[in-house]
Amino acid sequence: MLNIEIDGKQLTVEPGTSIIDAADAAGIYIPRFCYHKKLSVAANCRMCLVQVEKVPKPLPACATLVTDGMKVMTRSEIAIKAQKAVMEFLLINHPLDCPICDQGGECDLQDLAVGYGTGASRYTEEKRVVFNKNIGPLITTDMTRCINCTRCVRFGQEIGGMMEMGQTGRGEHAEITTFVERSINSELSGNIIDLCPVGALTSKPFRYSARAWELTARPSVSPHDGLGANLTVQTRSNQVMRVLPRDNEDINECWLSDKDRFAYEGLNSADRLQHPMIKRDGAWHECSWQEALDFAATQLKRIRDEQGEEQIAALASPHATLEELYLLQKLVRGIGSNNIDHRLRQPDFSADAGLQGAPWLGMSIADLSQLNSVLVVGSTLRADHPLIAMRLRQAAKRGAQLNLINPVDDDLLCPVANKSIVAPDAMVAALDQVRRALAGESADVTAQAIAASLKGGERKAVLLGNLAQHHPRYAELHALAQQIAELAGAQFGFLGEASNSVGAYLAGAVPSDGGMNAAQMLDDPRRAYILLGVEAELDSYNPGKTLAALQAAQLVVSLCAYKGKAPDYAHVLLPVAPFTETSGTFVNTEGRAQSFNAVVKPLGEARPAWKVLRVLGNLMELAGFDYDSSEQVQAEALTGDLSAKLNNRLKASATATAGLSVNGLQRIGEVSAYHADAIVRRAASLQKTAAAAIPGAWMNGETLAKVGATEGMDITVRQGEGHAVLKAMRDDRLPASCVRLAAGHPATTMLGGLMDEIVVERAG
Amino acid sequence: MANEVIFHSIHLPESWKLENYLKVGGYDALKKVLAEKMAPDAIIEQVKASVLRGRGGAGFPTGLKWSFMPKNYSGDKYLVCNSDEGEPGTFKDRDIIRLNPHQLIEGMIIGGYTLGAKAGYNYIHGEIWECYERFEAALDEARAAGLLGKNILGSGWDFDIHAHHGYGAYVCGEETALLESIEGKKGQPRFKPPFPASFGLYGKPTTINNTETLASIPYIVKHGGQKFLELGIPNNGGTKIFSVSGHVNNPGNFEIGMGTPFSELLKMAGGVKNGRKLKAVIPGGSSVPVVPGEIMMDLTMDYDSIAKAGSYLGAGSVIVMDDTVCMVKALERLSYFYFEESCGQCTPCREGTGWLYRVIHRIEHGLGKPEDLDLLESVAGNIMGRTICALGDAAAMPVQGMLKHYRNEFEYHIQHKKCMV
Amino acid sequence: MLSTESLKKIDREIAKYPAGQQQSAVMSALRIAQDEKGWLAPETIEFVAEYLGMAPIAAHEVATFYNMYNLQPVGKYKITVCTNLPCTLMGAESAVEHLKRKLGIGFGETTPDGKFTLKEGECFGSCGDGPVALVNNVRLCAKLTPDEADRILAGLE
């Protein structure tokens, strides 16, 4: 440890610490623009110049490491003079029109200019003008305001993993831009808005809609992927105006994925269901809550009494809160049915018998950064888990080995040590090869390399992604991955698909005692369904089959925030609040329960779903539905040690049964990132990005030729009764006899199972 | 002492050819090093004894710089030659490469041997394309003769040299900008520390020397450091190539002993053009402060003498100005250069060089204001010492030098809206 | 996009650098591409970037940082004249005036017949031969008096 002094304050700091970090830790503020704790040190803005004893020139605090006995003066005459000079230089070409700048009120330059600037400028020459660039639907540029700190450039290179921004030209002509005004495509792009210390890069959806000081900031938790990113939700007049990251080193650090940041636009969608609605004589009518709930309760009772409680089933979204899921299962079980599930995109439940707890990450999110070797099985990682992908990328940069068994070979923006890119159906065999290699049996070269990588690492993990969980032979993948982890001494975990995938298990939103799982409820349709936050045609493994089952039912009660296609199959619509309008809890993929409060009042007549379920329970005359708060529900749902309920291991006695193999072409039905849940589907700006475009049917060249198609040609794809006409696209990295075709998008809702057989024909 | 070390063979026809270099004892030093298996430390001792100081402008002792290179580093190390000569007034490296490329190559090979480098790169100013091609041809000759590449002269030691060209960026003459440029990036200087000796090309230990410095090495190895030192004066060893341009009758390069009186150098360059009066001299390239002619006539050409007069010997690039020169116009031209060549990285240089240029441009065009001169001094002072590399200082020093010695001309310009001369 | 001849030249440049450091060849590669195409269109820069496995914007940074790259089409002969202090002292102004008058264009302009582009240059490191001009980035012309300028123009077909 080194002893230093900053502004007369004695400090003890670790060797290798910069002056600015030492000062920050001691609560001494040194002004800065280019420095950022998560980015490499550029030392270009020069705002953090400080005086160091015995050094004639002021030194940048960001780039100067402390030495023992160093005396630093951040407010001496030399330091202040240097800082003021830099501020003057920064301002000479910067517009001084803060009132019309969207960053006004939350601008580092504006704030520091108050302390370090002068009242009038000595610069009387012409100011520089830099043309703005259109870099896509999410970020607005106002490049004359740019101070060339290069934070955005470094973010792309170092965190985002792709260099999309650069500083072109030199000297006074240097400017920050994308290559010939291309749109930014990084799934983490919005972070450069936060990083930009001035008004050069601002949020396009938020542009000119509010001033920082008009907004009320409230903490919340992201309702999208399994990470549970911490959010600050900013509201005005009972409306969500903007979402920003809330620092949490263990989860999202200071970052947000674009989905977490921009999906809020979907909250105010015109498609929001604002009144209870009831279908009478084939037509929809708005009605009172009383009427809607009475109808639902009466009909549920009727079906229970007339056709048996096992005719009632509930399907819930894994994006629903713990409290909502708990009350839903309590309601269903109170009725006497065990038919409840949240795993709508899972086709294979044969491992259920062996489950001993809620499948989870198997380690902490922060641990991911420390891995030396990891095997990821079945994942469109960057789309499904943008910030987990970022952590693994950072680990890979530090030398960790990333291994893949996957049906797609997307660019992960980091080195991949070994990969086995095979058709979904062949993933089981590929995984078995790795198991064999680890067990000392003969195996193929790639499997041996993966096995060696896993064996070699000190901290290692085997992770199953969404594509594995949506796999028709999921149970086999689960069992094999577990064996591999055991043989390699690795951690074993699941990349949780949704914000509450773990919480749904803990809440009991899974069948028990002979209850039906999501697949069984559709294979053997029920008379009545209760849906919680479910958009059947977009959220399920087999949209066609799901719709058919719902349309044939006598009663579908839908608790939903949006209308969507629910009027096509439901009988009563109960408008419930999305996460910003209710209190609740999500348990993220690492098993961390994060509760949040409503940040705005429910829209229209929407009500928090936990309250709706409470009333429904009471109307059904069920015991134990007298809650005063969601906290009471949470307390009942989460009893005992949470971590003891997390378990990825299948019971030894349980043997995984083989699912069906696919003949012909197999669909690789990933879920498109910006269509994965109800809110993001309605986020207007995200929907304008390239990632949200109408999916194509991607095949490798060989498969394309086999089906007689060429790139760009319109083709017909068929699954079961449904078909769609889409563009044929070519990706030679795909395995043979596969058609990569995203689900969750309206253009593909008429199709069948995500990873089932698919037929391709030339359109026409 | 003229043409003793580097230009000793340039009078020969096709002096750049290997066969002609060999005729004048070329590669003898390398042969000696390899035949005697000279210890690297022994070579460094000779370089230290020679008091060879970096010829690129900073004048840092070469032997000391070489001793900074980590000895027991297990990975790759590099030697880089800086031939990115592009500061107004400089043009010596061009003649070295053009007329005696093999001596530079020999110096680089010995340097590579001494420093334990895996490879050497010579970064050549893009505008002197002829030199780039000639250097590549010389490398091919050396490789074909077994002097370069695998198993040099049967010693079992491998070392290769490659040419890398600039393409129009003065700042790449700054050694860390040059490294960035070799790595295929913009030439933006790096913050130091870490210095190249620990984190250089591709993050590996790297030594960067100027062309003239490396071309002096064979002489030192062949004749011993002491003999080289004696070509100059104490603390200023060897001969030095002075590049004389501007208002002289015979501009060009002159290799003479360190410590030669300026008056003698001026005479060698044919004296002031048209017999006019010497007004001022920029003694070390455009970035150093100007020295009035009468002071200059009393100075000798070495680091210490010029420093005493408040300027720098720099790369020995002497720009001579006669009494017809308007100093406002001269400074306008220089300020434009630094404005144009600023890399854009550090705020004071990116913003300040344009400010300086615009104010001087206004004064030159009759739009000056009395407060402009204080403003210029203040802005120059605010750039000075506040940037990552020395380009900020290089932009500020000419302004400070001109205002120090010729403030009256600037005042006249502002008041009368025209030149004094 | 680029001829096999050019690609061969680029490969030769790549070979100068350690394995995995092919980005080091970007300056040469852009120069070679420019020699073939006359200027660096965005698609040319992108091609070079992809050939070297670097982000297009990174190659674009390089192309815009070094001022000998032509980011716009230029005439058959690009004449860059140094106007820095030593060259100015040695007569650059009259040479420039002469060239401007004779060609009827200013700095940064191209003659209507597409033959000549005139450009202002910074130091070429050849001040002893000042004033100096550079034709097509390659041929250095020394002691550029108006007469010498005429001789050079006459020799350019």
Worksheet item: Is the shortest heavy-atom distance from the side chain of Gln23(C) to the side chain of Glu183(B) under 4.5 Å?
Response: no
Worksheet item: Once you round to the nearest 0.5 Å, how far does SG of Cys127(C) lie from CG of Asn253(B)?
Response: 10.0 Å
Item to complete: Sort Tyr170(B) into side chain, backbone, both or neither according to what part of it lies under 4.5 angstrom from a heavy atom of chain C.
Response: neither
Worksheet, complete the sentence: Turns out that what part of Val320(B) lies under 4.5 Å from chain C's heavy atoms comes down to backbone
Discussion item. Do Tyr167(B) and Gln34(C) have side chains that approach each other closer than 4.5 Å (heavy atoms only, starting at C-beta)?
Written reply: yes
Item to complete: Kindly indicate whether the side chain of Pro18(C), heavy atoms from C-beta on, has any atom under 4.5 Å from the side chain of Tyr78(B).
Response: yes
Worksheet item: Would you call Glu133(B) and Arg139(C) a salt bridge, using N to O less than 4.0 angstrom?
Response: no
Worksheet item: To the nearest 0.5 Å, how far apart are CD in Glu122(C) and CZ in Phe339(B)?
Response: 10.5 Å
Discussion item. Using heavy-atom distances under 4.5 Å, tell me whether Glu136(B) contacts chain C through its side chain, its backbone, both, or neither.
Written reply: side chain
Item to complete: Rounded to the nearest 0.5 Å, what's the gap from NE2 on His165(B) to CZ on Arg31(C)? Could you check?
Response: 3.5 Å
Practice prompt. Between chain C and each of Ser286(B), Gly344(B), Gly89(B), count heavy-atom pairs under 4.5 Å; write down the option with the most.
Written response: Gly89(B)
Worksheet item: Is Lys8(C) atom NZ crowded by more than 12 heavy atoms from other residues, nucleotides or ligands, each under 6.0 Å away?
Response: no
Discussion item. Measuring centre to centre across the rings, with the benzene-like ring taken for any Trp, is Tyr17(C) within less than 6.0 Å of His164(B)?
Written reply: yes
Item to complete: Please examine the side chains of Glu341(B) and Asn67(C), heavy atoms only from C-beta on, and report whether any two atoms are closer than 4.5 Å.
Response: yes
Practice prompt. Find the distance between OG (Ser245(B)) and CG (Asp129(C)) and round it off to the nearest 0.5 Å.
Written response: 10.5 Å
Practice prompt. Can you establish whether the number of heavy atoms outside Arg12(C) located under 6.0 Å from its atom CZ is more than 12?
Written response: no
Practice prompt. Let me know if Ile182(B) has heavy atoms under 4.5 Å from chain C in its side chain, its backbone, both or neither.
Written response: both
Discussion item. Quick one, Tyr121(B) with Ser24(C), criterion side chain to side chain contact (heavy atoms under 4.5 Å, CB included). Give me CA distance, side-chain angles, the key distance, then yes/no.
Written reply: CA-CA 11 Å; Tyr121(B) 291 95; Ser24(C) 281; over 6 Å; no
Item to complete: Look at Gly187(B), Ala163(B), Gly166(B), Ser317(B) and state which one has the largest set of heavy-atom pairs under 4.5 Å with chain C.
Response: Gly187(B)
Discussion item. Heavy-atom cut-off 4.5 Å, strictly under: side chain, backbone, both or neither for Ile282(B) against chain C?
Written reply: side chain
Practice prompt. Indicate yes or no: at least one non-hydrogen side-chain atom of Glu87(B) is less than 4.5 angstrom from one of Cys123(C).
Written response: no
Worksheet item: Within a strict 4.5 Å, meaning less than it, do heavy atoms of the Tyr66(C) and Cys172(B) side chains meet?
Response: yes
Worksheet item: If you count the non-hydrogen atoms of other residues, nucleotides and ligands that lie under 6.0 Å from NZ in Lys119(C), is the total more than 12?
Response: yes
Item to complete: Considering only heavy atoms and a distance below 4.5 Å, find which of Thr64(C), Thr80(C), Val62(C), Val26(C) pairs most often with chain B.
Response: Val62(C)
Worksheet item: In terms of side-chain heavy atoms, does Asn84(C) have a donor or acceptor partner in Tyr336(B) at a distance below 3.5 Å?
Response: no
Worksheet item: Given that the side chain runs from C-beta out, which part of Ser126(C) has a heavy atom under 4.5 Å from chain B: side chain, backbone, both or neither?
Response: both
Item to complete: Check whether Cys343(B) gets within reach of chain C through its side chain, its backbone, both or neither, counting any heavy atom under 4.5 Å.
Response: both
Item to complete: Sort Ser181(B) into side chain, backbone, both or neither according to what part of it lies under 4.5 angstrom from a heavy atom of chain C.
Response: both
Practice prompt. Identify which part of Gln22(C) has an atom lying under 4.5 Å from any heavy atom of chain B, answering side chain, backbone, both or neither.
Written response: neither
Discussion item. I'd like to know whether NZ of Lys143(C) has more than 12 heavy-atom contacts from other residues, nucleotides or ligands below 6.0 angstrom.
Written reply: yes
Worksheet item: At a heavy-atom separation under 4.5 Å, does Leu134(C) approach chain B through its side chain, its backbone, both, or neither?
Response: side chain
Discussion item. Using every non-hydrogen atom in the two residues, find where Ala169(B) and Phe65(C) come nearest and quote the distance to one decimal.
Written reply: CB-CE2, 3.8 Å
Worksheet item: What option among His125(B), Lys92(B), Lys118(B), Glu332(B) has the most heavy-atom pairs under 4.5 Å with chain C?
Response: His125(B)
Discussion item. Check this for me: does any side-chain nitrogen of one of Arg333(B) and Glu93(C) sit under 4.0 Å from a carboxylate oxygen of the other?
Written reply: no
Practice prompt. Identify which part of Glu85(B) has an atom lying under 4.5 Å from any heavy atom of chain C, answering side chain, backbone, both or neither.
Written response: both
Fill in: Top contributor to chain C interface from Pro88(B), Gly246(B), Gly86(B), Ser243(B) [non-hydrogen pairs under 4.5 Å]
Pro88(B)
Worksheet, complete the sentence: Heavy-atom nearest pair, Gly125(C) first then Ile128(B), reads O-CG2, 4.5 Å
Item to complete: Nearest 0.5 Å please: distance from the SG atom of Cys82(C) over to the CD atom of Glu127(B).
Response: 9.0 Å
Worksheet, complete the sentence: In this structure, CG of Leu201(B) is separated from CD of Gln21(C) (nearest 0.5 Å) by 7.5 Å
Worksheet item: Is there side-chain contact between Leu140(C) and Glu130(B), with at least one heavy-atom pair below 4.5 Å?
Response: no
Worksheet item: Side chain, backbone, both or neither: which part of Thr83(C) has a non-hydrogen atom closer than 4.5 Å to chain B?
Response: both
